[in-house]
Amino acid sequence: MHPLFAKFNLLNKEIIIGTFGLLVVVSFILSFILVLILAKKKNYDVSDTFDNLLLILSGGILSALITGLFYTDNILKINSSYSPTLISWGGFLGGIIVVIILKLRWKIEIFKLLDLIIPGYTLALAIGRIGCFFGGCCYGKHTDSSWGVYYINKIAPASNSVQPLIPVQLISSFVLVIITVILIYSLFKSKIPGNTFVLFLFLYSIKRFSIEFFRDDNRHFLFGLSDGQCYAILLFAAGMTLVFRNKIIAAIKSKV
Amino acid sequence: MAIASLVLGIVSLVFAFTGPLSIIGAIVGIIGIVLGALARKKLKEAGQPTGMATGGLVMSIIGTILCLIFWVACIVCAGAMGAAGSMF
C-alpha cells in the first residue's frame, strides 16, 4: 500500500514520516480523547483520569518495547541498525501492571478504571491495524478472490509475496471498531464494575484467536498455536477467572 | 520531579530530529511523562500549584510524539519492518 506518508527537508536534513508511525501516534491521541470524553460523561475526575492514562500509556509503550526485545534474534548483537518492535500483548501487560501500582499507591477503583480505558485500547488497536495495512505488516494468507490485495512497494514486508493477500488487517480493524462500540454501550449500561473489562477479554480473545488462522506473517509458534493465539487463550482464561472471582475467593476463604 | 519532567521534555524534543537516535528521545520523553504525571498527582494531593509539572508533561508529550513519528518512520526506511511481524 503506502508505507511512506510524507518526505520533506528540514534544516538540510531529509525527514521521512512513515504511515504506520503516524497512525500509531494518531491512535494514541484519538483513544486518549475518547477515554477523556467517556470519563466526563461518567462524571469522573477528568484531570485525575488524564494523569492515570498517561502513566498507563507510558507503562504500556515501555513494556511493548521491552517485550519486543524477546522477538529479536540475538539481543547481544543489537547495534545502531537495530529496529525495535512494539508487541501488543507486552503493552497490555505493562498497562495492567501500572493499573495495579496505581491501585496500591492511590487506592483507585481498579475495575472502574479498567472499564473506562478499555474502549480506548480497542480503538487504538483498530487504528493501529490500519497502520499495519498501509505499512504492509501483519498481512494475511494468499487469496484468489477479488478483494485480495497486492503489495508492490518493496519496503512493505508483505511485498515478499507476489500473490494477492487477504486484507486481514482491515478485517481486524473493522471487528475492533465493532468491539469498541459494544464496550462503550456496556460501559454506560452495566452497573457492576468490571463487566465491560470482562466483556473485552472475551470478545477480543475470540477475535484474536480466529483472525490468526488467516495471517501469514512471520510469528512464533508454541504447540501448533501462534503467539497471538496463546495470548488469546490467556485473556479468555483471565475473563473466566474474573467471572467466577467471587466464587473462587469464597472457596479460598472457606478452606483458610 | 516537575523540573526533571520539564528538562526531559526539552531533551526529547531535541532528539526528535536526530534520525535513528530518536528512539532515545522517545524513551526520555516517556520518562518525562511519567515524572510529570506523578508530580501532578503529588502536587494535587498537597494542594500546591501544578503549573511546572503540567509544562513538563506537555513538553514531554510533544517530544515523545515527534520521536515516535520519526523513529517508526526510520524503521520503515531501513526496510526492517519484516522483523516487526507481531506489531499490534
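Quick note on labels: first sequence line is chain A, next is B, and so on, each numbered from 1.
- With chain B as partner, the option from A/N52, A/L23, A/L54 having the largest number of non-hydrogen pairs under 4.5 angstrom is A/L54.
- There is no contact between A/F92 and chain B, counting heavy-atom distances below 4.5 Å.
- In this structure, A/S63 contributes its side chain and A/G90 its backbone to a donor-acceptor pair below 3.5 Å.
- A donor atom on one side chain and an acceptor atom on the other are found under 3.5 Å apart for A/S172 and A/K207.
- For a residue to count as touching a neighbouring chain, one of its non-hydrogen atoms must lie under 4.5 Å from one of that chain's; by this rule B/I61 touches chain A with the side chain only.
- Of the atoms belonging to A/L57, not a single heavy atom falls under 4.5 Å from chain B.
- Using modelled atom types, one side-chain atom of A/S226 and one backbone atom of A/Q229 make a donor-acceptor pair closer than 3.5 Å.
- Between A/S31 and A/G120, the shortest heavy-atom distance links the atoms CB-O, 2.9 Å.
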